[in-house]
Structure formats: C-alpha cells, structure tokens
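Everything below concerns the one structure shown next.
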Amino acid sequence: MTAKNYDPALVEAKPLPFIPVEDALSADFIICLPPPNVTGELHMGHALNSTLQDVMIRFNRLKGKKAHWQIGCDHAGIGTQIVVEKQLSSEGLSKYDLGREDFEKRSWEWTRQYLGRIEGQLKRLGCSPDWSRSAFTLNPEYSLSVREAFFELYREGLIYRGKRLINWCPKCCTSLSDLEVIHEEQNAKLFEIRYLPIDPSDPELIVSTSRPETIFADTALAINPKDDRYKDLLVKVKAGKEITYKIPLSGKCIPLILSDKVLLDFGTGVLKITPAHDFNDAYIAKEWNQAQPDRMIGAVNILDEKAYLVSIDEVPEYLWGLERYLARSLVLQKLTESEQLVSEKSYRQPTSLHDRCGTAIEPYPSEQTFVRMSSLAKLALDALKRGEIQFYPARYAQTYEAWLEKIEDWCISRQLWWGHQIPVWRKSLPSEGDPEEVNKLIRDQFRQITGECGYPRPLTGDIHHPTHLQGKKAGNEYIWQYGAQSVEVCLKAPDQAFEEKLTQAGYIRDADVLDTWFSSALWPLAAQGWSSQKTPRPYWSDTMCTAREIINLWVSRMIFMSRKLTGKLPFRDILIHPVVQTPDGKRMSKSKGNAIEPIALVERYGADACRLWYCSVGIFGNQDIRFPGKKEKDGSWSSPELEQKRRFLNKLWNALNFMRMQFQQENFREMPTMEQLTQTRDTSSLWILCLARKTFLECEEAILRYDFSAYINGLERFFWTNFCDWYLEIAKFNLSTAQSKTDLKWTMQTVIALFLNYLEPVAPFITRALRDDFGAPVDFTELKFPSEDDIEINESLSDLMLLVSTIRSIRQRVLGIAPNQSLKVSYKEEPNLPKDLHWTKLALVERADQKTERSFQKVLSLRGGSFVFRVQVPKEIDLKSRQTQIEKDLSKKTIELDQLKQKLSDPGFSNNASDELKIKMQSSLDHTQGEVQELTEALKLIEQAFDGNE
RNA sequence: GGGCAGUUAGCUCAGUGGUAGAGCAUCUCGUUUACACCGAGGUGGUCGGGGGUUCAAGUCCCUCACUGCCCACCA
C-alpha cells in the first residue's frame, strides 16, 4: 500500500472472497434475505436492508460463529408476467399465441437473464450471502416445498374453493388479494340519476353514483330507515308495501329495500344496490337476504373478465361488448337524452388500484381458491403473545396484531401462467342420477386409477372435511374428495403417470397459479431445502430484517405457515428498518423518477462509505429517513454525509501511512503479547488501550441489541477524535525515545488491528486492504487492562484535554494568537500531569523565566481547569472588542452559576437527587465559579490596561 | 375513519427525568512528523403551540397544529 490517499475504486476493485459454511441448516447464526423480485433492480431499501444483514453476518463470523446468509429471488408472478407480456406485445404477439407451455419457457428465458443481476449488485455492495446456495421460488426443489405446503393445508381442510366477490384486475385478468390493492383518491364525477316508480303514487328517487354503466346490474335501491327526507316513503314501506322502481334505459323492475349501511350524509341518500360489482352493495344485499328470506334480492353480473359489458339479457343492445368506460359515456348520453340524468359534479373519489399495473380494480364475482385464516392467524398471534418472536422496534408488533385480529380469508388463486400451478384436478359431477350411486361409481373409478396401493380412509367429516380418501401411491400422496359440484384430487408431488390417468378419466387440472406470496411465505423453510431435510435448530433462522410495508403481506404469513407446517418458527427477531425518502420527504419511486440508485452512490463514494451510512441509519431512528443529499445538475446524487464517511476511511488510511512512516516496516504482522502490552509505561498508550477496550465492549453490546448506529458512532468517535486527534498527536512527542517507541508501536498495532476487526463487518473492503499488514491481535477486551491505574490515567487525560483546549481557546479567542505561534506563559506551579503527555507542546506554550515575566507589559491572569497562569497581552490586540466579549461570557456564566447555586440549595433536589449527580453538579458549580472569577479578573485587568493607555 | 411515527442549531439527525448534543454548512486562524479529503477555535437553540405531573420535563401525561407512513374505505 503506497497510495497517499484512500481510493475506494482501487480498494474495492476486486470482489471480496467468500467461503460458504458446511451444513448451513445447523449454522450458529442464520439470516434469510427477503428475496427481491427477479424483475427488480437493487434500490435504496434493498441496499439498507442488505447492509444491515451483512453487518450481522460478518459480526457473527468475527466472533467465531458459523454464520449462514441465505439468498435468492422471488419469481414475482404478476410482475414477471406483465414484463414478459409487454415484450411479447412489442413483437406483435400475445400469450395466447404462444400457449401456456411456451409462455412459461419464454418467462424462464427472461428470468435466467435477470436472475444474476441483483446478486451482482449485492456483491458490489460487499454483501456476503452464500452464493452457492442461492434459491429461486420456482426452482424444482422449492416448488416441491410449495406443493407440500399446499397439500398439508388441503389435508387439514384449510384450503377451499368459493364463489364470491373478489378484487379483479381487468387488465391482468386475475384475482388479487386485499394486500395487492392500493387505495388512491382520484378526480371523478358523481352522477345523479332519476329512477321512476312503478306505482305513480310513489315518489321518483334520485340516485348518486359514480358508475352509471352498472345500473343494469342493479338489483335494488336502498335507503336508510332513519332518513327523514323519505319519511312518507318509509311509512309505506313499514306498513308492508313492496315498492318497486324501474331501472333507467332498461325498464327492469327492482325493489326498494332498507339498510342502515346507507350513508345519510352522502349524495341523495338513495343507493343503487349492485351486488355483483360492489363490495359494499354485496354486503348490504347479504344482510337484507338474511333478514328477509322471502324477499331476497339477487346479483346480476353484466361484465366479463376484461370489464366489457356482456350480459345480453340485462344490457341494451347498443352497449353489448363495450368496455366499461366507453359504456359509461354512452349510458350518460342516453340518460341525458331521456332526461334521466339529473346532475353531474366533480369529486375526489377513493379508488382501488392494482399495485402492479395501476388499473382500477373491478369487484368481480368469481370462483377462487382461499386459505381459511382464523386458525392460522391464531398461531401467528400466539407466537407473539408467548414472546417467541420479537419485533425491533417493538411498536411494529401492533401492526402485526391489528391485521391478524381482523383477518379475512386469503385468496390464493391467480389467473396467471407464471407461477406454481395449483395441484388440484377436478371433475364435474353429473347432475342427474342417485347421488349415492354416482358417488360409488366415481370412487370405484378413482380406485382403479390409483391401483388400490394406498390405504383409502373414508371420513364422514365436517364441513371442512367432506368425504374424502387419502392414500399413498409409490411414495406420492393424494387426497380425493367431494366438493360442492365436483370431485377433486390434490396430489402432493408431481407424478406424470398418475396425472395422465387422471386426465384420461376426465379430471381437469385447475388452471390457476398460486399467489406469489404463498410461495414466499415459505421462504425460510423452502429456500433452505425443507422438502428434503428438517432443521435441527429451534428456529429456521435467527433474524429477519425487512421493511414495514410487508409486515402483513409477508412476515406474518411466514410465521403462521412455518408454525403450521413445521411446528417451528421462521425466525426469532424481526428488524423493521426505516424507509429512505427523498431529501424533501417524498417516497422514492422509479415511476416518479425520484429514486436514488444505490449502485451509483457506491461508485461515487465507495461501498464501504455507503455501508457506514446505512449503519448509521440503523433501525431505531425515525421510521422515515430523508436522504441527506441533493440532485446535481447532471442528474446524479451527492451527499455530504456519505462524503464524510469516505473521509473517515481516508483518515484511517492515512493513520496507517503514518505508522508505516514512523516504524519503517513493511507490515506489523508480529503482534505483541498480552504480557508485552501490560508492560507498557507510556501514559497515553495505557489510556488508549483502556478506552479501546471500553469502546469495543460497548460496540459489541450495541450490535447485539441491533443498534447499528451506536456501533458505528462509537467506532468513529473512538478512532477519529481519541486515537487520531489526541493519541497520535501526543505520540509524536514520544517517538524519539527508544522505550516509548516500542510501547507506542505495540499499542498502535494492537489498537488498529482490533479496530479493523470491529470495522470489518461494516467496511469489509478497506479492512481487507489494510489488515493483511497485521497479525492477529490479542483480544484484550475480555481482560481487565491495564489494571487499577485506569481511573488515574483517565483523569490525567481528561485534565490534559481540558487544559490544552482551554489554552488553545484563550489563545485564539482572547489573545488572538495563531495556533502555530508559541505563547509565553508564567505560572507558579506545574500542572499535575505525567511528563510524557507533553502538555506544553500540545498547547504550544513556553514557560517564561522570571526575568522575562518581569518585562511583561499588559498581563492577563487565566485558568485552565485547576491550573492558574499568566500571559502577556500582545500589543496589537484590540482590548475593547475583547472586553465586550468577556463581558458577554461573564454574564452568561453568571446566569449559569446562579442556576446551579439555586438548584443545589433546593431542598427538594438535595432530598431526591442521587449522590452521583450531586457531586457532579457541585464540581460543575466549582468549575463555573472558577470561570466567573477568572473572567472577572480578566475584565479588571483589561480595565486597568485601558486606564494605563488613556 | 382507525392506527403508527415525526416536529430539537441553516441542513440531516442523536438524546436513557438531572448543565442542550453530533456531523455537515458557516465564521476565524493555521500547511505542524500521516491525512488541507487535515488541524485548532468560534457563531448558532424560548427542543412545533398550549396546559399538567415533578424539587427538576426535550424526555412522563393531556390537548391542539402540521408532516410522513400503514390499515380500512362513501355509492
């Protein structure tokens, strides 16, 4: 190493070496990286997230533990499919042109191309996951785990098919879970439409709606029974009259119903009920139907999967086949023509959008696969209640609890092609014939397919467990059971021969794939090979580090899945780190163009400097961190904070240069023994060794409670302020004597080598470059060192610092003497400091002999700590401005003194405060009193000097 | 609407009931045995507003205001 200054590009040019652990599942410390989407690139959140994890992994390695970091990628069902479909459409193709099999091939090609991208970026950041064990959620082994998980839940009756209103994306043509839907306010129009009564004696009603195209799917109108505006109407209804209205443009008759869910303060108070296209309406209809079984209202679906109007029976011919927004404008035109459109006004409408493509969600009645959540949610809640999992910061447990406590069943089927296809084969039951006979026939047929090699066990089960058979066939397991209108088979693992037989017998495989989050919920298990081996550890991993937005989407699901399927928990500690926002407090997003590329920052400041900053962010600060930087004219981002971290590393680099220069050695591999170290007599060396031990122990303690920021702040302050600015500066005066020189060398070697150890988890590149020069340091952090003297030594050093700082301050502030100009002082007694601390050299003062002192003209009496001395005031000093300054200081100090006096004399204080505090306050009072006295004297002297001059 | 967090120096943020802190920026001085990517010394605060508890509140409680996020959503 010869470079004068630290150059991250050079230091980080070579990737860091990595040796994987053997038998990763039984490692002492395991972290599973939240798998990034294969579609994605490394963003700020990843960089922060991965750095913290890498620091934990490297720290554990440093402490001699077998640490394993599991990585991999998520197949990102919809995300990938959208990208591949876009690519196809640019070639003028659709997925249907390719067919399912070729589409999957195409998606695999695309995936393989991008699979390594994020890993390369993580490598550049200096991360050290086990590259050799990288997992992918669609790999064959991972897929087996997904099948196993599905099968187990199916076996327990936790998976069911159900037809209900779900979130539907008409662009992606798939169902979505609640968590994939985002809510945004958008500008929209609210229309008022006139509905006419069948009985002319009833009033016409004005309905407010934002979706006039859905009037044909109306099955009722509803008002609130408490709505005074419709008093007369309500009287009739309550008297038992069935009141009916005509749907505009259609003439279809629909009843008026009552519901207290109709808001009194919105629109006209009349709500059109469209159960097939609105969640709220569906709920009202359900309530009504339960309360009024003889006056049930139905649900009419008029849309197809792309949200085109299709129902020939319900919809006028001129709307057939029109897309929802086109249909809306045509309906509005027709309503205007027939004078049934009363008004139209703008308003801010809360809108539900698909998180991946931004398309407005269509509530859509459809048959989907669900996971029954109540028992699973309880497992997850119990783990928290029993303290088996722990959130850091603890407040995030609330987010987790709140969601699990009012959870709905999880819709896990997606109408996509990219993902884990649901392993269920289904066959419709004939609608005619004696059910008993049909059942027997189907069962016998199925037994023929399986060849009777299992041990079918019919159950007379409950609603969750309809009659079913389960068995094993050549190692594979199946469940065969009746559904509502069909009979179905769930197969645990792929089995081509068996699947073919099923197909021949008329069974058709479910075309849907599983929600991406179903497979990622298995991550800590499946990525580590759950289907082939079981973990010997109490938890699948130790720590999960992630962002708060996926606590519900992912963290909670991992917990109940792992507990349910393996009895073990996926991790013990959950670290939720802040979100990095733009400097003006906005959320970063690629589409908004305000995202900051972490790799660009790495190129500008070096990975080590970036990592130092991510650590200083840590996990305990504000839950949103603003990026401390700005966008340059060329579009790149700069940050003084990152620059500062880089300078810290440069400081370290140069401290090493200094050592080499002093000791003229190639390296410092020959390290001192503990004995040699304890023989050290040099005061400052003893002090820095002592302080190093204290610092390193505190840092260890900090990182064990995940306080990354305390860890890095402790290291930085120790090295820069104490080691460089004080220790090395004192050392410069002692390097000339032989004995001290050895002491100093041993101390520097030990402190730096140990410091590099502690820095390595955070800044692995620079430490690699510097550590080669050193041997293994003795780890004195576990020993009491350097014995009992440390209190005295620490006092000497703090006295020295106070004295030197005070003199420096006086030189510049009071006397106006440059820092490099020697100052003549006179004093009666030497300060009580060890000689090898060289206070006069540090403060750059010279003791004036008596003769010189007598020739002093104007004199100031001053005090540094308990040391009193006199200095000559240079002629050119403007005493008037100094006087003003001293007066200002004096008034400040006097107030401070009064406050201290008051406090100490307060009986409440002396009765309640701790002795330690009282002593501290008393010494502070003494000190302030000294300062006041000193300032008063200085002021007096200046006044005298004035008198003398005038 | 429900919840969480934040509001401290010009900026970005620490702060554990006990004298208000750091880094950057700014100002002054200085090339001295590594580092000017440095060193030394300054300036700068009614801790968002208002109440309360306490001998003592940035810290605990109540309340208001603003900002950000999460959850649920109005036709």
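Numbered from 1 within each chain, the chains take letters A, B, ... in sequence-line order.
- Using bins of under 30°, 30° to 60° and over 60° for the plane-to-plane angle, the ring pair A:F719/A:F755 lands in the parallel bin.
- Taking the ring axis of A:Y245 as reference, the NZ or CZ atom of A:K272 does not stay both within 45° of it and closer than 6.0 Å to the ring centre.
- Atom-to-atom, NZ of A:K920 to P of B:rG18 comes out at 9 Å; the value is rounded to the nearest Å.
- For A:K918, the NZ atom is densely surrounded, since the number of other residues' heavy atoms within 6.0 Å is greater than 12.
- Taking for each of A:N622 and A:R548 the nucleotide of RNA chain B with the nearest heavy atom, the 5'-most of the two is the partner of A:N622.
- A heavy-atom distance below 4.5 Å is not found between the side chains of A:I223 and A:L271.
- Contact between the side-chain N/O atoms of A:Q349 and the OP1/OP2 oxygens of B:rA75 is found at a separation under 4.0 Å.
- Only the P atoms considered, B:rG50 is 13 Å distant from B:rU59, to the nearest whole Å.
- In this structure a side-chain-to-backbone donor-acceptor pair under 3.5 Å is missing from A:R604 to A:S639.
- For the OP1/OP2 pair of B:rC74 and a distance below 4.0 Å, the side-chain nitrogens and oxygens of A:Y347 include no atom meeting the criterion.
- Inspection of the A:K631 and A:T582 side chains reveals no N or O donor paired with an N or O acceptor under 3.5 Å.
- Atom CG of A:L925 and atom P of B:rG18 are 20 Å apart (whole Å).
- Rounded to an integer number of Å, the gap from CD of A:E184 to C1' of B:rC71 is 16 Å.
- Annotation for A:E916: atom CD does not count as buried by contact number, only 12 or fewer foreign heavy atoms lying within 6.0 Å.
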What nitrogen or oxygen pairs link the protein and nucleotides 58-62 of chain B at under 3.5 Å?
none

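- Put simply, the side chain of A:I193 reaches to within 4.5 Å of the side chain of A:P248, judged on heavy atoms.
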Write out a two-atom table: protein N or O, nucleotide N or O from nucleotides 41-46 of chain B, distance below 3.5 Å.
{"from": "B:rG41", "atom 1": "O3'", "to": "A:S809", "atom 2": "OG", "distance (Å)": "3.3"}
{"from": "B:rG42", "atom 1": "OP1", "to": "A:S809", "atom 2": "OG", "distance (Å)": "2.7"}

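- If you take atom P in B:rC11 and the same atom in B:rA65, they sit 24 Å apart, rounded to whole Å.
- With contacts defined as side-chain heavy-atom distances shorter than 4.5 Å, the pair A:L652/A:Y6 does not qualify.
- Every side-chain contact (heavy atoms from CB on, under 4.5 Å) that A:K745 has, sequence neighbours left out, goes to A:F663, A:Q665, A:F668, A:Q749.
- Taking atom CG on A:D898 and atom P on B:rU19, their separation rounds to 18 Å, with Å as the unit.
- Atom CE of A:M921 is separated from atom C1' of B:rA56 by 9 Å (rounded to the nearest Å).
- For the residue pair A:Y605 and A:E641, no side-chain donor N or O sits within less than 3.5 Å of a side-chain acceptor on the partner.
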Taking N or O atoms only and anything under 3.5 Å, show me the protein contacts with nucleotides 21-24 of chain B, one pair per line.
none

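- In this structure, A:W403 places its CH2 atom 17 Å from C1' of B:rG2, rounding to the nearest Å.
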Secondary-structure notation, RNA chain B, from Watson-Crick and G-U pairs under 3.5 angstrom (| other strand): ((((((((.[[[[.)..(..]]]].(((((.......))))).....[[[[[..)....]]]]])))))))....
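- Side-chain to base pairing of A:K261 with B:rA75: no donor and acceptor N or O lie closer than 3.5 Å to each other.
- The listed nucleotides are B:rA75, B:rA34, B:rU12; the one nearest the side chain of A:N654 is B:rA34.
- Comparing the same atom, P, in B:rU12 and in B:rC60 gives a spacing of 23 Å after rounding to whole Å.
- A salt bridge is defined here as a Lys NZ or Arg NE, NH1 or NH2 lying under 4.0 Å from an Asp or Glu carboxylate O, and A:R324 with A:E213 fails to meet this definition.
- The distance from atom CZ of A:R626 to atom P of B:rA5 is 18 Å, rounded to the nearest whole Å.
- Where A:L264 and A:N734 each meet RNA chain B at their nearest nucleotide, the meeting point lying more 5' is that of A:N734.
- What separates CD1 of A:I895 from P of B:rU19 is a distance of 18 Å, to the nearest Å.
- The side chain of A:K4 places an N or O atom within less than 4.0 Å of a non-bridging phosphate oxygen (OP1 or OP2) of B:rA36.
- Annotation: side-chain hydrogen bond (donor to acceptor under 3.5 Å, both in side chains) contacts of A:Y195 (sequence neighbours excluded): A:D218.
- Salt bridge present: A:E362 and A:R211 bring a charged side-chain N and a carboxylate O closer than 4.0 Å.
- Side chains of A:Q902 and A:D906: a donor-acceptor N/O pair is absent below 3.5 angstrom, by distance only.
- For B:rU19, its base never sits under 3.5 Å from the side chain of A:Q899 at any donor and acceptor pair.
- In this model, a side-chain donor or acceptor of A:Q623 finds a partner on the base of B:rC4 within 3.5 Å.
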